[in-house]
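Structure first, then comments.
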Number of protein chains: 2
Amino acid sequence: MLHAAVALADERGLEALTMRSLGQALGVEAMSLYNHVSNKADVLDGIVELVAGEVVAAVGEIGPPAQATEWKPVARERILTARQVLLRHRWAPSLLESRTDMPPSLLAYYDSLLALMREAGFSLDLAHHALHALGSRALGFSQELFTTDDKDVDPDAALLMFQQMAGRFPHLTELLKIVTHDPGSTLGRAGGCDDQFEFEFGLDLLLDGLERLRERAWELPAA
Amino acid sequence: MLHAAVALADERGLEALTMRSLGQALGVEAMSLYNHVSNKADVLDGIVELVAGEVVAAVGEIGPPAQATEWKPVARERILTARQVLLRHRWAPSLLESRTDMPPSLLAYYDSLLALMREAGFSLDLAHHALHALGSRALGFSQELFTTDDKDVDPDAALLMFQQMAGRFPHLTELLKIVTHDPGSTLGRAGGCDDQFEFEFGLDLLLDGLERLRERAWELPAA
DNA sequence: ACCTGAACACCGTTCAAGT
DNA sequence: ACCTGAACACCGTTCAAGT
């Protein structure tokens, strides 16, 4: 049943996952579901737990570093692998953020990340702050504020807005120009930014910064 | 009316903001609202726009750097100021992420951040990736995955879970111990982490990394 | 131009009733 | 033990009717 819920969310989005539609997908009335779960919250917790399981399974394939101080490429690979899983379940990030408590299998994932850093010489404090700094990036996603809605955009209206923007927001306009028109460089998807590139760029910025702090045996700034 | 909606969300949460409750707060039937907005989506867009206006007003107080290369402390102050505004509207971050298009006044904010970086010598590409890397942090928030729900936690059950965790997740347990028991160091709120400290730690990690790339006149890695 | 009440299509959920 | 249908309290929203 949870698998059916995941499939439904994958195919038709999280908002299409209702008790009634889930029942229908299972060839059963909505009310029957309450014999197996006590809540819709139970269903949501369940499907989050399911993709968390996928994440730990995929990440589990990745071995430890040959040398403990070589933590960075391993952390990077684990995180990018987690990302691959979450890209198959686009609804998972926002749902994950809305749940009040962490799914148990994710605890294993975070514990393994912590282990990686601790063994590389991170102090407990630094490893702690590192997890916070990575935030959702540790799981392979980062909520983008600029979402490019390419569909149903009127070219005339877009051009007009563009010209109005040029006056008030010159730097944004300049940026928009290279992002939408320039086919080379870091672009991937038509008309938008290359999510994967931007994700890795931000991730490396953080990992490199953390590595630098590790090398300097970072201590807490005096209070 | 939008002010009433913001007040309602501030006081009772976003889920308490319904057309009916908003009407009631204004001493009017819910259906009357449709004379002023065409949708509930309109209301949500409106209140997002309103706090975006608060952000640009607060950030506008902050002057430019004395020297263009001194972009970092100014960027830092702007971002922490934006954070102060968003902390007054706890519902804003998640709503901001769910909206499909960016509120116009936020474009001004992002344009000013871009200007700051460009004038400090950032290439257009680097400034672009910097905005993506900062992500929601540029606006002063970062979605925390671990939410400490201190309320209604049964001490006995917590202790039991703690002991079970100790075996399977030794590093997390060790972390939990310093976070909950140690009253000194980086702790702020009882039983949780110091959100403000963690936010600034992650922010500085990114800003420092970006400054380093700026100094080296960062170029795109060869494709 | 603005407000109202009844109504509709959707939710999650309860409950008594069936097998 | 599992399923069902009717019902309830909530949504957002439409529409004809009022002033």
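Numbers restart at 1 for each chain; the letters A, B, ... are given by sequence-line order, proteins then strands.
Across B/Tyr110 and B/Ala138, no two heavy atoms sit closer than the pair CE2-CB, 4.1 Å.
Taking only side-chain nitrogens and oxygens, B/His36 never comes nearer than 4.0 Å to OP1 or OP2 of C/dA1. Within the structure, every side-chain polar atom (N or O) of B/Asn35 is placed at least 4.0 Å from both OP1 and OP2 of C/dA1.
Rounded to whole Å, atom C1' of C/dC10 lies 15 Å from atom CG of A/Leu17. Per the geometry, CD belonging to B/Glu29 stands 5 Å off P belonging to C/dT4, to the nearest Å. Nucleotide C/dT14 holds its P atom 15 Å from the NZ atom of A/Lys40, rounded to whole Å. Note: CD (A/Gln24) to P (D/dC3) measures 16 Å, nearest angstrom. B/Leu44 places its CG atom 9 Å from the P atom of D/dG12, with the value rounded to the nearest Å. The OH atom of B/Tyr34 sits 16 Å away from the P atom of C/dG5 (whole-angstrom rounding). At whole-Å resolution of the value, CG in A/Asn39 and P in C/dC11 are 17 Å apart. Spacing between atom CE of B/Met19 and atom C1' of C/dC10 amounts to 16 Å, rounded to whole angstrom units.
Salt-bridge annotation for B/Glu200 and B/Arg76: present, with a side-chain N of the basic residue lying under 4.0 Å from a carboxylate O of the acidic one. Ion pair B/Asp45/B/Arg99 flagged as a salt bridge, since at least one NZ, NE, NH1 or NH2 atom sits closer than 4.0 Å to an Asp/Glu carboxylate oxygen.
Within 4.0 Å (heavy atoms only), B/Ser32 reaches at least one base atom of the nucleic acid.
Between A/Phe122 and A/Trp71, the ring planes lie perpendicular to each other; the angle is over 60°, past the 30° to 60° tilted range.
If you check D/dT13, C/dT14, D/dT4 against the side chain of B/Arg20, the one that comes closest is D/dT13. The side chain of A/Met31 lies closest to C/dT14 when the candidates are C/dT14, C/dC11, D/dT13. Ranking D/dC3, C/dG12, D/dG12 by closeness to the A/Val28 side chain, first place goes to D/dC3.
Nucleotide D/dC11: unpaired (no Watson-Crick or G-U wobble partner with both distances less than 3.5 Å). When both distances must be under 3.5 Å, the Watson-Crick or G-U wobble mate of D/dA17 does not exist.
Side chains of B/Ser112 and B/Arg78: a donor on one and an acceptor on the other come within 3.5 Å.
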